[in-house]
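Reckoned from all heavy atoms, side chains included, excluding hydrogens, waters and symmetry mates. One is the number of the first residue; the rest follow in order along the sequence.
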Amino acid sequence: MTSVGETGEKELVRLISNVARTRSKSTRIGIGDDAAVLRCKGDAVVCTDIVGASRHMPEGMGYERFGWTSAAVCFSDLAAMGARPTGFLPSITAPDDMEVADLLDIVSGIDQCCEFAETEIVGGDTKPGELSVAGTAIGQMEGREPMTRSGAQPGDIVAVTGPLGNPAAGFYSLGTDIEADDERFSLYVPVPRVSEGIKLAESGAVTSCIDLSDGLATAAAEICTRSHAGMILEWEFLPIGENVEEICNLLRKDVHDAVLRWGGEYELLFTFKKERIEDIYRQGVPFSIIGTVDNGREAFIRCDGKEEALGHGVY
């Protein structure tokens, strides 16, 4: 097998360009030039994130899924703004002794996530170093107003797009004989809510939005801080993953930490004006109402009639 160090950067770029497929009408000039040229409608949205193997590649993930995750974290940020992805640029550092086939598996995973988001790899870079991917995602608003973290107001409804706790339960199950295939899949292949984000922005009813990659507690705290407001969430309203409580009980893990503080979900936490709820329903986005915004300055969870501060996540 050929290693990254033996192959050299120029040949790696050629091999990567063979893996990364062209599919997006937004791309005028893609891989191969000094920079990409993308057609854009309305405001451009750009975000970047880094994933490293030491922190973001749990046991059993594999290189392809690691690549998927490196793109998903960025597309999730675009989703939280309501932007449509138009391009992705991964800058990959890889050890010299890493096999080229493994590096190309990472690129394949990135490309698959791009296909899911209906965009493509439009550039990037490779350098020697510890295994990591620094991804930059580009999107466009297409006339929609971007959703931000700072617009929540007292009286708004708090909602989330999907189940909570599955990635934590999947991680807890690693190295055990507990059957947790779905939970491990949610850990290995996080799905950015791109379509949901676009539809929520199109509704015009959302007052704030953030993704849950760092966990519900951290996300709620961020909205409260940026919006100068408080939040009360109801434990009994949370859409907890089907097997999360059972797995946590079997492994003697705190289900509250798994659901509230662990993270790894790529659902969207958002607030909206209660009188605009029909506008949300019309978009066809599945969601669960989990609380309300109040005049406080931090987020609380109410469980069995008792309230406690959410604090921040542990992911």
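- The ring pair (Phe, Tyr, Trp, His ring centres under 6.0 Å) search around Phe185 returns none, not counting sequence neighbours.
- Under the ring pair (Phe, Tyr, Trp, His ring centres under 6.0 Å) criterion, the residue pairs touching residues 83-104 are Phe75-Phe88, with sequence neighbours excluded.
- Looking only at distances, a side-chain donor or acceptor of Arg144 sits under 3.5 Å from a matching main-chain atom of Gly82.
- Applying the ring pair (Phe, Tyr, Trp, His ring centres under 6.0 Å) criterion to Tyr188, with sequence neighbours excluded, gives no partner residue.
- Residues passing the salt bridge (charged side-chain N to carboxylate O under 4.0 Å, His left out) test with Arg226 are Glu222, sequence neighbours excluded.
- Under the 30°/60° scheme for interplanar angles, the aromatic rings of Tyr172 and Trp262 are found to stand perpendicular.
- Residues Ile289 and Ile277 are in side-chain contact: their nearest non-hydrogen atoms beyond the backbone lie under 4.5 Å apart.
- Taking a 6.0 Å sphere around CD of Glu275, one finds it holds more than 12 heavy atoms contributed by other residues, nucleotides or ligands.
- Of the N and O atoms on the side chains of Ser76 and Asp211, at least one donor lies less than 3.5 Å from an acceptor on the other residue.
- Pairs passing the ring pair (Phe, Tyr, Trp, His ring centres under 6.0 Å) check and including a residue from residues 221-243, sequence neighbours excluded, read Trp235-His256.
- Of all the heavy atoms in Ser208 and Thr271, the pair that sits closest is OG-OG1, 2.6 Å.
- Summarising the geometry, atom CG belonging to Leu187 is positioned 12.5 Å from atom CG belonging to Asp182; distances are rounded to the nearest 0.5 Å.
- Within 6.0 Å of the CD1 atom in Ile50, the count of heavy atoms belonging to other residues, nucleotides or ligands does not exceed 12.
- Phe300 shares a hydrophobic cluster with Ile232; the chain of contacts runs through ILVMFWY side chains whose heavy atoms sit under 4.5 Å apart.
- For CD of Glu142, the number of neighbouring non-hydrogen atoms (other residues, nucleotides, ligands) closer than 6.0 Å is greater than 12.
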Result block: side-chain N/O donor-acceptor pairs under 3.5 angstrom for residues 195-205, not counting sequence neighbours:
from, atom 1, to, atom 2, distance (Å)
Ser203, OG, Leu200, O, 2.6
Ser203, OG, Ala205, N, 3.1

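- By the side chain to side chain contact (heavy atoms under 4.5 Å, CB included) test, Glu246 pairs with Asn243, Leu250, sequence neighbours left out.
- Residues that satisfy the salt bridge (charged side-chain N to carboxylate O under 4.0 Å, His left out) test with Asp279, not counting sequence neighbours, are Arg276, Arg282.
- The salt bridge (charged side-chain N to carboxylate O under 4.0 Å, His left out) analysis of residues 297-307, with sequence neighbours excluded, yields the pairs Glu234-Arg302, Arg302-Glu307.
- Residues Gly263 and Pro167 share a closest heavy-atom pair of O-CB, 3.8 Å.
- You'll find the side chain of Leu131 reaches within 4.5 Å of the side chain of Ile106, heavy atoms only.
- The nearest pair of heavy atoms linking Cys113 to Ala72 is SG-N, 3.6 Å.
- Looking only at side-chain heavy atoms (C-beta outward), Leu212 and Thr161 stay at 4.5 Å or farther from each other.
- The number of heavy atoms from other shown groups lying within 6.0 Å of CZ (Phe171) does not exceed 12.
- Arg184 meets the salt bridge (charged side-chain N to carboxylate O under 4.0 Å, His left out) test with no other residue; sequence neighbours excluded.
- With sequence neighbours left out, Glu308 forms a salt bridge (charged side-chain N to carboxylate O under 4.0 Å, His left out) with Arg261.
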